[in-house]
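In this chain, residues are counted from 1 in sequence order. Numbering of ligands and ligand atoms starts at 1, following listing order.
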Amino acid sequence: MQLGADDTIVAIASPASTLARGIVRISGPRVKDCLAGLFVTGAAEADDSAEGDADSAWRHTKVARWWEGTVRLPPPLGDIPAGMIFWPDSRSYTRQPAAELHLPGCSPLVDACLEEVCRRGARLAERGEFTLRAFLAGRIDLTQAEAVLGVIEAATEDELETALRQLAGNLAEPVAEARQSLISALAHLEAGLDFVDEDIEFIGHAELLETLSKCLEQVEHMLKQMERRAHGDGPPTVVFYGHPNSGKSSLFNAICGAQRALVSRQPGTTRDYLEAEVTIAGATVRLLDTAGLDPASVANGEESDIQSPGTQIDQLSQQLGSGQLQRAALRVLCVDRSRACTAWELAELRQADSRTLAVATKSDLPAHASRTGAAGDAALALGCSAVSGAGLEQLRTLIADRLGASGTRQEIVASTAARSRASLAQARDALRGALTAAESQLGEELVATELRVALDALGTVAGAVHHEEVLDHVFRQFCIGK
Ligand SMILES: Nc1nc2c(ncn2[C@@H]2O[C@H](COP(=O)(O)OP(=O)(O)OP(=O)(O)O)[C@@H](O)[C@H]2O)c(=O)[nH]1
Ligand SMILES: [Mg+2]
């Protein structure tokens with residue numbers, strides 16, 4: 001990956017599958033030259049001699065705006081109606097002159113346009129190079145660059161929300177704040193060290209202690225936040241859920257290969273949730289067995305004024321279960337087809353998305369009369385039986401497939417989280433060292449040394465202090481044109 005931003009780069013920025021519009025993105029100091037004579041504003045019928053005039057309007061603009069015009073491709077393609085957004089100065093995403101040509105979504109046209117831009121002096125962009133330029137120009141920090149990737153790759157609303165929060169700087173802001181106070185404390189300490197023979201105190205002892213404790217608190221808080229991050233933390237979670245007695249615990253035990261959860265004919269046997277780590281298709285997965293969702297309470301949502309202790313416990317365990325459900329990478333809906341279908345089951349089956357795997361349990365038993373051809377049955381991925389063992393292997397394969405499909409996205413968020421966690425932990429340790437040194441009056445030199453380590457570590461979280469291999473790792477994961 002080239003870190004310099006002197007070249008003018010070009011790439012197709014529209015997805016290959018989009019037919020409506022093809023977008024060619026260009027960034028760099030020579031954007032104008034690369035577009036001269038290629039994009040002309042005004043009338044498509046302008047003849048060659050008038051090209052300079054027709055062309056001139058966008059070239060002399062001082063503000064970013066949309067232009068209607070024509071892209072002049074070599075024969076046999078000829079003049080193609082096109083639009084262009086042109087950023088003449090540093091107010092673009094990459095903080096360089098930049099442009100986006102919007103063409104009809106036809107691959108030969110878009111490819112020919114790309115070739116023409118290259119012929120005029122641009123080179124093909126590498127993966128993530130536009131975002132890398134935005135990062136190098138200070139437009140975004142590293143966590144935000146990774147969030148751009150997360151937004152592009154997000155498949156579920158939860159993933160999108162995590163990525164958008166990251167993009168909004170939920171980590172970048174507090175890191176920048178902590179760095180700012182540490183830089184100022186360090187500057188004062190260093191000034192004090194320069195004038196060590198004179199009796200000048202640049203930062204009071206109490207003030208230094210307060211700054212250090214506050215920053216330590218902030219860093220510890222950020223670390224806790226990172227650890228709580230659902231996606232980045234540990235193996236993906238698969239939750240078994242459904243009505244009481246639907247066979248969740250039996251299935252959980254069968255997949256674990258051990259009698260972990262209590263199984264009984266009594267509905268409401270599982271009260272709390274139970275977890276186990278298993279290996280499915282070579283990957284570690286966290287399985288969770290939850291309390292059954294009571295058809296009465298989920299069907300009419302009514303709450304009685306007088307609650308028996310049992311009902312209260314049921315409700316609490318169900319709340320616990322639903323929290324786990326929201327955070328799960330995959331939910332396995334257990335439907336007992338030997339019983340009549342409930343309205344709640346039907347609604348769940350209809351809403352099932354890629355994060356929900358609906359299975360018919362107790363397939364060794366005959367299906368309930370009302371179930372034959374029942375609405376929603378099409379959403380059932382397979383039938384399985386914890387008693388006969390039928391369908392269990394297929395269930396494992398399906399779980400692995402569904403988790404595998406979202407694997408890369410989880411990895412991206414997880415790798416940002418892991419990288420940031422390691423740097424934050426390093427900052428926390430250095431801050432603890434600085435605080436101890438300051439409290440025990442071990443000398444300002446020592447405090448300053450620890451502060452420098454903390455600043456460096458915090459800097460790597462946001463990418464202010466960047467190492468080429470980290471950048472390479474992050475930006476290589478992007479697609480071309482981003
Ligand atoms: N025939 C048959 N019975 C099953 C199967 N799976 C579970 N059962 C029976 O169904 C009843 C309920 O099973 P559990 O696994 O405890 O169901 P659950 O969904 O965990 O129930 P709660 O914890 O109460 O919500 C028990 O009597 C099991 O023996 C199966 O595949 N075939
Ligand atoms: Mg159970």
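Counting heavy atoms under 4.0 Å from ligand 1, residue Asp364 touches it through the side chain alone. With a heavy-atom cut-off of 4.0 Å, Val387 touches ligand 1 through backbone and side chain alike.
For ligand 1, the atoms lying closer than 4.0 Å to a non-hydrogen atom of Asn245 are 11 (C), 12 (C), 17 (O), 18 (P), 19 (O), 21 (O), 22 (P), 24 (O), 25 (O). In summary, the atoms of ligand 1 found under 4.0 Å from a heavy atom of Ser385, numbered by their order in the structure, are 31 (O). Near Pro244, meaning under 4.0 Å from any of its heavy atoms, are these atoms of ligand 1: 25 (O). Atoms of ligand 1 lying under 4.0 Å from at least one heavy atom of Leu365, given by number and element, are 1 (N).
Scanning both residues, Ile255 and Arg396, for their nearest heavy atoms gives O-NH2, 2.8 Å. Residues Leu395 and Cys384 share a closest heavy-atom pair of CD2-SG, 4.4 Å.
Between Lys362 and ligand 1, an N or O atom pair is found at a separation short of 3.5 Å. In terms of N/O distances under 3.5 Å, ligand 1 is not approached by Ser363. Checked by distance only, ligand 1 and Cys384 stay at 3.5 Å or farther apart across all their nitrogen or oxygen atoms.
Between Glu220 and Arg432 there is a salt bridge, since a side-chain N of the basic residue sits under 4.0 Å from a carboxylate O of the acidic one. Using a 4.0 Å cut-off between charged nitrogen and carboxylate oxygen, Glu277 and Arg286 do not count as a salt-bridge pair. Salt-bridge check for Lys214 with Glu177: failed, with every basic side-chain N at 4.0 Å or more from each acidic carboxylate O.
Checking Ser249 against the Mg ion (ligand 2), an N/O/S atom falls under the 2.8 Å cut-off.
Residues satisfying the side chain to side chain contact (heavy atoms under 4.5 Å, CB included) test with Ala438, not counting sequence neighbours, are Leu208, Leu209, Leu212, Val447.
Side-chain atoms of Ser250 and Asn253 form no donor-acceptor pair, as typed in the model, at a separation below 3.5 Å.
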